[in-house]
Asks: 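Following this message is one structure expressed as structure tokens.
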Amino acid sequence: MKALNRIDRNFIFQEFLHSKPTIHIIEKNSVLTFFFDQYTIANNIIELQKKINLEQGAYTILFTHKQRLISGHIILQRDKNTYFFLFPETLSLYDKEENKHCSASLFFVTEKPQNLPITVLDECPLFHFENDFLCEQNNTLLLNQVRSMLRYKNNRVDDFCVNRLYFFLTQLSHGNLSSATHFDLSKRISMLFLSERFVVFFVSESLMRILSSIEEKTISIKIGTRFISISLSRMAGLMHIEKNRSLHVPMVLIAFSNTKVSLEDKRFLYESVYQTKYGTAKK
């Protein structure tokens, strides 16, 4: 994240008053969305008009400004049945440069040890979610399919991951993924989402059968100067994707739970994805 100065903050606030963008309040790994007609602004006080069930306290807010995603921290307060907060005093901008220095590989053993490269697609950088939040979710059937795939534990869904997979599948079906044009995705392991709890790959059905049958798998990730090693355990979700104009073979989205992640790496991944302090994740 790139911290913005006071002048930029004040300019964005004036634009916010004029445009009333959709706002997203991050509640752990869930996203509560409020459209322009679901909140009001008086001076710098934003009052929510939508019924919610949240505790008072600190949260992260996201909204877009000129097609860029802005983040800020708020203190949500309640007066009887009304929730309100002050527009953030400080704002940060999602920095696209953060994702350029990322490489990863997947290690597993079949008849012999294998170490396969993992691709991070340009359209789906690990810690940059502008494209996802800008994508209108008007395909209810697809949205429900993604949510069903990821509802693998305690009937809980990670909204950040839902947004990412919905965006990816929408762009794929419309033929708008340049990565699918330049590369044969059926021969790659594409990592679409990574958090401290699980990872989602886009792979061919043949590779899926191999990965799902192997108990011990490890991904090694280099992000800037940081190295992270994560052991993957059981398959946590699966969604089949039929052949289309962008795909020559059937593909799948496959999620694995993460195990054996160091505390510092858990903190780094959680805070990089959700932009909130680690320690508040749902158990």
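What you are looking at is a predicted structure, and each value in this text was computed from that prediction instead of being measured. Quick note: numbers below take in every heavy atom, side chains included, and nothing from hydrogens, waters or symmetry partners.
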Asks: Hey, what do you get for CG (Leu269) to CD1 (Ile228), rounding to the nearest 0.5 Å?
Replies: 4.5 Å

Asks: Find out if a path of hydrophobic residues (ILVMFWY) with successive side-chain heavy-atom gaps under 4.5 Å connects Ile45 to Ile52.
Replies: no

Asks: Assigning hydrophobic clusters by single linkage (Ile, Leu, Val, Met, Phe, Trp, Tyr; side-chain heavy-atom cutoff under 4.5 Å), is Ile230 placed with Leu116?
Replies: yes

Asks: Looking at every non-hydrogen atom in both residues, tell me the closest pair between Val120 and Pro125 and how far apart they are.
Replies: CG1-CA, 4.2 Å

Asks: Is the side chain of Glu205 donor-acceptor paired with the backbone N or O of Pro250 at a distance under 3.5 Å, no angle test?
Replies: no

Asks: Okay, side chain of Tyr59, backbone of Leu54: is any donor-acceptor separation there less than 3.5 Å?
Replies: no

Asks: Using modelled atom types only, decide if a donor and an acceptor are shared between the side chain of Arg68 and the backbone of Leu93 within a distance under 3.5 Å.
Replies: no

Asks: State whether Phe34 and Lys50 meet the cation-pi test: NZ (Lys) or CZ (Arg) under 6.0 Å from the six-membered ring centroid, and within 45° of the perpendicular axis.
Replies: yes

Asks: Is any side-chain heavy atom of Val200 closer than 4.5 Å to one of Phe168?
Replies: no

Asks: In this structure, are over 12 heavy atoms from other groups packed under 6.0 Å from Asp37 atom CG?
Replies: yes

Asks: Met239 and Met149: which non-hydrogen atoms are nearest, and at how many Å?
Replies: CB-SD, 3.7 Å

Asks: Between CD of Gln114 and NZ of Lys217, what distance do you get to the nearest 0.5 Å?
Replies: 13.0 Å

Asks: Test the Arg9-Phe13 pair against the cation-pi criterion, namely NZ or CZ under 6.0 angstrom from the six-membered ring centroid and within 45° of the ring axis.
Replies: yes

Asks: Is it true that Arg226 and Asp265 have a side-chain N and a carboxylate O under 4.0 angstrom from each other?
Replies: yes

Asks: Would you find more than 12 non-hydrogen atoms of other residues, nucleotides or ligands less than 6.0 Å from Asn5 atom CG?
Replies: yes

Asks: Give a yes or no on whether the backbone of Tyr166 and the side-chain of Arg164 come within a donor-acceptor separation of less than 3.5 Å.
Replies: no

Asks: Answer yes when Glu89 and Arg6 have at least one side-chain N-carboxylate O distance shorter than 4.0 Å, and no when they do not.
Replies: yes

Asks: Using distance alone, with no hydrogens and no angle criterion, decide if Gln137 and Asn163 have a side-chain donor and acceptor under 3.5 Å apart.
Replies: yes

Asks: About how many Å separate CG of Leu48 and CD1 of Ile25, when rounded to the nearest 0.5 Å?
Replies: 5.0 Å

Asks: Quick check for you: to the nearest 0.5 Å, what is the distance between Ile210 atom CD1 and Ser204 atom OG?
Replies: 7.5 Å

Asks: Counting only heavy atoms from other residues, nucleotides and ligands, does the tally under 6.0 Å from CD of Glu216 exceed 12?
Replies: no

Asks: Looking only at heavy atoms, what is the nearest atom pair of Tyr278 and Leu263, with distance?
Replies: CE2-CD1, 3.8 Å

Asks: If I compare all heavy atoms of Ala236 with all of Ser257, which pair ends up nearest, and what's the gap?
Replies: CB-OG, 3.7 Å

Asks: NE2/His65 to CD1/Ile12 distance, rounded to the nearest 0.5 angstrom?
Replies: 4.5 Å

Asks: Looking at His240 and Val252, what are the two nearest heavy atoms and their distance?
Replies: ND1-CG1, 3.4 Å

Asks: Side chain to side chain contact (heavy atoms under 4.5 Å, CB included) for Leu121 and Phe202? Distances and angles first, verdict last.
Replies: CA-CA 10 Å; Leu121 304 181; Phe202 183 62; 5.8 Å; no

Asks: Could you tell me whether a side-chain N or O of Lys20 sits under 3.5 Å from a main-chain N or O of Tyr39, the two making a donor and an acceptor?
Replies: yes

Asks: For the residue pair Leu253 and Leu169, establish whether any side-chain heavy-atom pair is separated by less than 4.5 Å.
Replies: yes

Asks: Any side-chain heavy atom of Ile254 sitting closer than 4.5 Å to one from Val203?
Replies: yes

Asks: Any heavy-atom pair between the side chains of Ile61 and Phe87 that's under 4.5 Å?
Replies: no

Asks: Should Arg147 and Asp159 count as an ion pair when the cut-off is N to O under 4.0 Å?
Replies: yes

Asks: Apply side chain to side chain contact (heavy atoms under 4.5 Å, CB included) to residues Thr64 and Thr22 and explain how you reach the verdict.
Replies: CA-CA 8 Å; Thr64 56; Thr22 299; over 6 Å; no

Asks: Please determine whether side chain to side chain contact (heavy atoms under 4.5 Å, CB included) holds for the pair Phe201 and Phe256, giving the CA-CA distance in whole Å, both sets of side-chain angles, and the decisive distance to 0.1 Å.
Replies: CA-CA 8 Å; Phe201 295 127; Phe256 290 101; 4.0 Å; yes

Asks: For Phe193 and Phe198, I'd like to know if the aromatic rings sit close, meaning centre-to-centre distance below 6.0 Å.
Replies: yes

Asks: With rounding to the nearest 0.5 Å, note down the distance linking CG in Asn258 to CZ in Arg197.
Replies: 9.5 Å

Asks: Would you kindly confirm whether Leu172 and Leu141 end up in one hydrophobic cluster when ILVMFWY residues are joined by side chain heavy atoms under 4.5 Å apart?
Replies: no

Asks: Report yes if the side chains of Leu106 and Leu211 come closer than 4.5 Å at any heavy-atom pair, otherwise no.
Replies: yes

Asks: Among Phe127, Tyr274, Tyr270, which residue meets the ring pair (Phe, Tyr, Trp, His ring centres under 6.0 Å) test with Phe160?
Replies: Tyr274

Asks: Do the side chains of Leu232 and Phe227 join up, straight or via other hydrophobic residues, at under 4.5 Å, putting them in one cluster?
Replies: no

Asks: Where the side chain of Ser92 meets the backbone of Ser71, is there a donor-acceptor pair that is under 3.5 Å apart?
Replies: no

Asks: Between Gln56 and Leu76, is there a side-chain heavy-atom distance shorter than 4.5 Å?
Replies: no

Asks: Report the C-alpha separation of Glu196 and Val261 in whole Å, then their side-chain angles, then the decisive distance to 0.1 Å, and conclude whether the side chain to side chain contact (heavy atoms under 4.5 Å, CB included) test is met.
Replies: CA-CA 8 Å; Glu196 86 289 359; Val261 187; 5.7 Å; no

Asks: Minimum heavy-atom separation for Glu123 and Phe167, please, with both atom names.
Replies: O-CE2, 3.4 Å

Asks: Report whether Leu238 and Leu165 are members of the same hydrophobic cluster (ILVMFWY, side-chain heavy atoms less than 4.5 Å apart, transitive linking).
Replies: yes

Asks: Would you say that Ile219 contacts Leu194 through its side chain, given a criterion of any heavy-atom pair below 4.5 Å between the two side chains?
Replies: yes

